Protein chains: 2
Amino acid sequence: MISDAATRLIASSWPKLPEAARDVLLEVLIHGPLSRAEIAARLRLSRPTLTRVAKSLVAQGLLVEGDTRPRASAGRPSEMLHVRGAAHRFLGVKLTADRLFAAVTDLTATPIATAEEPLRSRDPDEVVAQIADVARRFPGVTGIGVTLGGVVLDGLVARDEFLRWTDVPLKAAVTGATRVPTAVDNDVQALTAAEHWFGPGAGLRSLAVITVGAGVGTGLIVGGGLVAGSHGLPPHFSHTLVDAKGPQCGCGRRGCISSYLMTHVVLQRLTGNPSYAEALDRVRAGDPQARQVFDEAGYALGVLIGTVANVIDPQKVLLTGEGLPLYEVSSPLVHDGIEDTYEDDPDLIELDVRPFDFSEWARSGAALAIKETITGAITEWPQGNRRR
Amino acid sequence: MISDAATRLIASSWPKLPEAARDVLLEVLIHGPLSRAEIAARLRLSRPTLTRVAKSLVAQGLLVEGDTRPRASAGRPSEMLHVRGAAHRFLGVKLTADRLFAAVTDLTATPIATAEEPLRSRDPDEVVAQIADVARRFPGVTGIGVTLGGVVLDGLVARDEFLRWTDVPLKAAVTGATRVPTAVDNDVQALTAAEHWFGPGAGLRSLAVITVGAGVGTGLIVGGGLVAGSHGLPPHFSHTLVDAKGPQCGCGRRGCISSYLMTHVVLQRLTGNPSYAEALDRVRAGDPQARQVFDEAGYALGVLIGTVANVIDPQKVLLTGEGLPLYEVSSPLVHDGIEDTYEDDPDLIELDVRPFDFSEWARSGAALAIKETITGAITEWPQGNRRR
DNA sequence: CACGATTAGTTTCTGGGCGGAACTTATGCG
DNA sequence: CGCATAAGTTCCGCCCAGAAACTAATCGTG
């Protein structure tokens, strides 16, 4: 069989790669262009193995040889291997209570197109049909990743309070309706995985991702893998107590971390029912009431960061989400919160703050699909996997 | 080469096992006697592979064939494979501020002998010499595991407040003094790993271990592996706030979880400076002051359990330590604390309470040695390991 | 400019380990 | 006493990884 990589611009089915090939692809995907020698050293594989594996990945159109990079001193220059992003496309879908956000990316999770539309209905069957409609508009994708703000276990949406779902087998339904392998996960979990592969947390063995938005979300990478609870629950830090005299929280108590951070609570505490943008303007203009509310929120965020760092002592803490302006206006208080909470030298915490726009959510759905495709978790029939 | 397993009662050096053999040994070690067919199914290995691997492990004296267990209906009975615990011995050492506890176990972490003596000095060299003396009294061990209550990273004791050590390369020193491969880790981490291999948490993919003693310790298993912080710090939950009007805590604030649970704080809050045993007697006798103090401690323990469960949603929470009588006398309040903290159905938390005596600490040192021996982490020269 | 030093990448060969197919063994059942 | 059933074994071939030896591309130096 002769396979001509040059003519196969986009493949829509994923080849079954031997383990070493998966590892090599992953290494280049996560750490950027690398030479064969470099990959061999990192993965502790022999150079001959790398020649073989690279050849097969190039033949399959997944890698391409890029520029040659001259050595510093003597020696033959390295030929850099790049991921050929165009080889595959993935569709990411994020569901909220009333809207659907979609993004098509290439294999490197780089967005190619985005779309956004209102949800026609919250009925699971209709939502599946709507996702299938979106998928039809972007044919030829290798995998689909759907994310939502609920509890997901093995492709089953155990519950989602926004969509008011219970036990919806979304993965099977979307796979069936689209005939495309589909992954489903909690949105924060998917974002965490995305940042761990394609973001500033690329390849770290431990990472904490904190998203500040309408609510607060936390995702953890430990030992190089995503922490997924045994009942599908993502990590919950947000009802840790900051000050029992704090604002009323949705959980019934007062002064939880989330009670300071949830957008609607921040706005409620301000006079005149402002929008979030207006509230930020007030802080920047020096309004003392707004300053107080945002500083308390910033302090709570610091407590959250410190608490997370106490628990898993990660290599990096990544702060992201639509609510990031909070850090911008109240970073001193964030750091006060960290200092009061973290039990070691706060300088050990590498805090990375990332601008965020809402399309990241859909993109991380595509990243989820990429991840599950490469690791093989997305196949409908689980196949032999020797590792525990 | 003819190797006669029957004559080699105790080997003192660990054979280099191929990966499949390690996996098989581990499976039997953790899950008890299993048939070849059963192991093959669990590990997704072929039956021929199991024949081969089992033969080699039996030849090396690590496994033995035990009884044959008849099938329920038809079919040839299974031949159960047992770990031959006597094949190897391991020494565990636990260091406190002023004492040394030692335990010799077999390969299944079953204690064979224990010893206890005062620490002659806190000077690192002298402690190493004392450990070497102990090791001389128990010759022929395959590995040594040393644990202490400090921060350990890669065999280096970054600091230990009890021994007042900073940056002591204990692993290298003990290995050098004894010529026996040695592992060093934090005591709670080692206990967690021990419970995960040899205790009620055997083989779980996620597990939280909470020890209540002079202080509170937490260890986590996530994704089948021990959570070790990137700076050597074990997980810290204990300064999470319970009630800002609570007792003064060593960390400077009031009402942390640990401020309720530390033994000396509990005793300080009682009149007459009782011993722990006396304090327990008072509770059991109905003394209202003691009841109040223990119930508050129990509630704080419940908050801790709920917080841990919120974060990693483990398959099981294991409660252990010298301070366990607390649970015995105040379990209703523990469950109140869990209910007020855990954000899902508390029935999802499988809580396992284990009696504990202090020798467990030394035994878990031996378990640490067993673990590092089998996984290969204990070898002085790190050898090629393809996995990330 | 020739030649060695240096490092990247390739080819060839070999061996180990794993699984498929077919076989043997040990039991229950009619 | 077959026959079904399932455990365990033997045999064989294949895949895949590494060792050794090779070619390729560059730099430095006399």
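So you know, we letter chains A, B, ... as the sequences are listed, proteins then strands, and number each from 1. Treat the numbers as computed from the prediction; the structure is a model and nothing was measured.
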Find the distance between CZ (A/Phe198) and CG (A/Leu107) and round it off to the nearest 0.5 Å. 7.0 Å
Each stem that DNA chain D is part of, given as range with range (3 or more consecutive Watson-Crick or G-U pairs, under 3.5 Å): C:1-30 with D:1-30
Listed partners of B/Ser56 passing side-chain contact (heavy atoms from CB on, under 4.5 Å), at least two apart: B/Gln60
Calculate, to the nearest 0.5 Å, the distance between atoms OG1 and NZ belonging to A/Thr182 and A/Lys171 respectively. 8.0 Å
A/Arg47 CZ to D/dC22 P: how many Å, rounded? 17 Å
If you measure from the Lys or Arg side-chain nitrogens to the Asp or Glu carboxylate oxygens, is any gap between A/Glu65 and A/Arg36 under 4.0 Å? yes
For A/Trp14, the ring-ring contact (aromatic ring centres under 6.0 Å, His included) test, sequence neighbours excluded, returns A/His88
Can you pull the ring pair (Phe, Tyr, Trp, His ring centres under 6.0 Å) pairs that have at least one residue in residues 16-50 of chain B, sequence neighbours excluded? none
When all nucleic acid strands are considered with a 4.0 Å heavy-atom cut-off, which category describes A/Ser78: base, sugar-phosphate, or nothing? sugar-phosphate
Where each residue is assigned the nucleotide of DNA chain D containing its nearest heavy atom, which of A/Ala20 and B/Ser35 is assigned the position nearer the 5′ end? B/Ser35
Euclidean distance, atom CD of residue B/Glu38 to atom P of D/dG8 [Å, nearest integer]: 10 Å
Let me confirm one number: the CD-CD1 distance from A/Glu27 to A/Ile39, rounded to the nearest 0.5 Å. 7.0 Å
With 3.5 Å as the limit, what N/O pairs link the protein to nucleotides 23-27 of chain C?
residue : atom : partner : partner atom : Å
C/dT25  : O2   : B/Arg76 : NH1          : 3.3
C/dA26  : N3   : B/Arg76 : N            : 3.4
C/dT27  : O2   : B/Gly75 : N            : 3.3

With sequence neighbours left out, what residues match A/Ala40 under side-chain contact (heavy atoms from CB on, under 4.5 Å)? A/Leu50
For D/dC16, take OP1 and OP2 only and decide whether either is under 4.0 Å from a side-chain N or O of A/Arg52. no
Just how far, in rounded Å, is C1' of C/dA8 from CD1 of A/Ile39? 13 Å
The side chain of A/Pro48 lies closest to which of these nucleotides: D/dA20, C/dA8, D/dG8? D/dA20
Base, sugar-phosphate, or nothing for A/Ala54, non-hydrogen atoms under 4.0 angstrom? nothing
So what does A/Arg36 touch, heavy atoms closer than 4.0 Å: a base, only the sugar-phosphate, or nothing? sugar-phosphate
What's the separation between atom NE2 in A/His196 and atom CZ in A/Arg205, rounded to the nearest 0.5 Å? 8.5 Å
Provide, to the nearest angstrom, the distance between the NZ atom belonging to A/Lys55 and the P atom belonging to C/dA8. 19 Å
Take the protein atom CZ of A/Arg22 and the nucleotide atom P of D/dC16, then report the distance between them rounded to whole Å. 13 Å
Separation of atom CD in B/Glu19 from atom P in C/dG16, rounded to whole Å: 17 Å
Between C1' on D/dA7 and CD on B/Glu65, what's the gap in Å once rounded to a whole number? 11 Å
Within the pair B/Ser46 and C/dC18, is there a side-chain N or O less than 4.0 Å away from OP1 or OP2? no
To the nearest angstrom, how far is A/Leu50 atom CG from D/dA19 atom C1'? 16 Å
Nearest 0.5 angstrom please: A/Asp67 CG to A/Glu79 CD, how far? 10.5 Å
